[in-house]
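Notes for the one structure printed next.
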Amino acid sequence: NPGRLLVQVNRGSRFTPDAGFQRLSGPQGATLCLVAVPSGEVTPLPVGLPDTPAISGHSTWAGRSGRLVFTTAPGVHESLLPGTGVYRLTPGEAEPVQIVSGQQFNHLAVSDDGRFFIVDDYRTQTIHIGSVETGRFLKLCDSRTRQGRPQYTHAHPYLTPDNRHVIFNSNVPGVTQVYAAAVPPSFLDKLEPPKNE
């Protein structure tokens, strides 16, 4: 978004020049803020504890819509409780809107047009696409990746600009490679709000 950067702040993180990162964040976990360019003015957002469950560290602008979308931390705080899921926030609103509940979705991207979110569930190695507006989501495919410590073993799915393919990582053959899954033409129509809504 022109003039604003979305920044994650890892509260309680510990770093020393000798040892590097000793702790990514403290008990409060991460939060998000906006930084104005070029002034540098910081605007805190009501994201992360205590406003929402702990966030996963995966957040993004929803295209050019002005909205933000983020996931809460799977397996870290309130695992599989109603607070776990996907949220959206328009800066200036008092609180985020939870659009998906009770799902351990992790890595997140949003389509260029801001209409669809793409997430993976690392427990089941599945990739899902959902509507930023309604929260409806459907499984697209299995990544079959065995997520490990190196980030490149994580699926990290995203939609191509034309919304016709999802690109993701998988180490199913033993070496991490990049894959593409086609999005059937009618798939996204099932996620859109009905015409009378």
Side-chain angles (χ1 to χ4, degrees), residues 1 3-15 21 23-37 40-124 126-139 147 151 154-159 191 193 197:
N1 278 351
R4 296 185 299 176
L5 297 176
L6 175 61
V7 176
Q8 178 177 311
V9 179
N10 290 351
R11 298 172 288 187
S13 128
R14 187 173 292 158
F15 175 87
F21 270 113
R23 184 172 68 194
L24 191 57
S25 64
Q28 281 190 298
T31 186
L32 300 175
C33 65
L34 299 179
V35 178
V37 177
E41 179 184 351
V42 176
T43 304
L45 297 173
V47 173
L49 299 173
D51 299 297
T52 69
I55 62 173
S56 68
H58 301 286
S59 57
T60 185
W61 289 106
R64 292 180 181 84
S65 69
R67 291 172 163 175
L68 311 170
V69 182
F70 62 93
T71 54
T72 52
V76 176
H77 182 77
E78 299 188 31
S79 175
L80 284 184
L81 293 181
T84 304
V86 181
Y87 290 74
R88 74 167 186 254
L89 172 68
T90 301
E93 290 180 338
E95 60 185 34
V97 174
Q98 185 173 15
I99 56 175
V100 175
S101 175
Q103 297 294 321
Q104 288 192 356
F105 291 153
N106 193 14
H107 302 102
L108 169 79
V110 173
S111 59
D112 280 5
D113 60 17
R115 293 163 46 211
F116 304 104
F117 64 85
I118 305 88
V119 289
D120 67 343
D121 184 327
Y122 73 92
R123 299 163 309 143
T124 59
T126 53
I127 294 173
H128 306 262
I129 301 178
S131 165
V132 170
E133 187 60 37
T134 68
R136 292 185 186 109
F137 64 91
L138 293 170
K139 175 185 166 183
Q147 180 172 307
Q151 285 288 318
H154 302 185
H156 290 282
Y158 67 90
L159 266 166
L191 303 173
E197 275 188 15

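Note that the structure is predicted; figures quoted are calculated from it, not measured.
Contact record, F70 with L108: CA-CD2, 3.6 Å, taken as the closest heavy-atom pair. Considering all non-hydrogen atoms of both residues, P46 and A94 come closest at CG-O, 3.5 Å. The minimum heavy-atom distance between D120 and A155, with the atom names listed, is OD2-CB, 3.5 Å. Looking at every heavy atom in both residues, P96 comes nearest to V47 through CG-CG2, 4.4 Å. Taking every heavy atom of both residues into account, L34 and R4 meet most closely at CD1-NH1, 3.8 Å.
Here D113 pairs with S111, R115, N163 under the side-chain hydrogen bond (donor to acceptor under 3.5 Å, both in side chains) rule; sequence neighbours left out. Taking the side chain to side chain contact (heavy atoms under 4.5 Å, CB included) definition, one finds that L138 meets it with F187, K190, L191, sequence neighbours left out.
In this structure a side-chain-to-backbone donor-acceptor pair under 3.5 Å is missing from T90 to R67. Remark: side-chain polar atoms of R11 are paired, donor with acceptor, to backbone N or O of A30 under 3.5 angstrom. No donor-acceptor pair closer than 3.5 Å links the side chain of D121 to the backbone N or O of T126. Using modelled atom types, one side-chain atom of Q98 and one backbone atom of V100 make a donor-acceptor pair closer than 3.5 Å. Under the 3.5 Å distance criterion, the side-chain polar atoms of S56 are matched with a main-chain donor or acceptor of T71. Proximity of a side-chain donor or acceptor of S25 to a complementary backbone N or O of G12 within less than 3.5 Å is not detected. When atom types are taken as modelled, the side chain of R88 and the backbone of V97 share no donor-acceptor pair closer than 3.5 angstrom.
Residues L68 and W61 meet the side-chain proximity criterion, which asks for heavy atoms closer than 4.5 Å. Under the 4.5 Å side-chain criterion, counting only non-hydrogen atoms from C-beta, L6 is in contact with S59. At a threshold of 4.5 Å between non-hydrogen side-chain atoms, the residues E95 and D51 do not count as touching. At least one side-chain heavy atom of Y87 sits less than 4.5 Å from a side-chain heavy atom of T72. Proximity of L45 to T31: side-chain heavy atoms (C-beta onward) are nowhere separated by under 4.5 Å. A heavy-atom distance below 4.5 Å is not found between the side chains of P157 and H128. Between V69 and V132, some side-chain heavy-atom pair lies under the 4.5 Å cut-off. For the pair I127/V119, no side-chain contact is recorded, criterion being any heavy-atom separation below 4.5 Å from C-beta on.
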Could you walk me through whether N106 and Q104 pass side-chain hydrogen bond (donor to acceptor under 3.5 Å, both in side chains), step by step?
CA-CA 6 Å; N106 193 14; Q104 288 192 356; over 6 Å; no
Stepwise side-chain contact (heavy atoms from CB on, under 4.5 Å) check, L159 with F116:
CA-CA 9 Å; L159 266 166; F116 304 104; 4.2 Å; yes
Run the side-chain contact (heavy atoms from CB on, under 4.5 Å) test on C33 and V7 for me, step by step, so that the C-alpha distance in whole Å, both residues' side-chain angles and the decisive distance to 0.1 Å come before the verdict.
CA-CA 5 Å; C33 65; V7 176; 4.0 Å; yes
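Aromatic pair F137/F105: ring centres closer than 6.0 Å.
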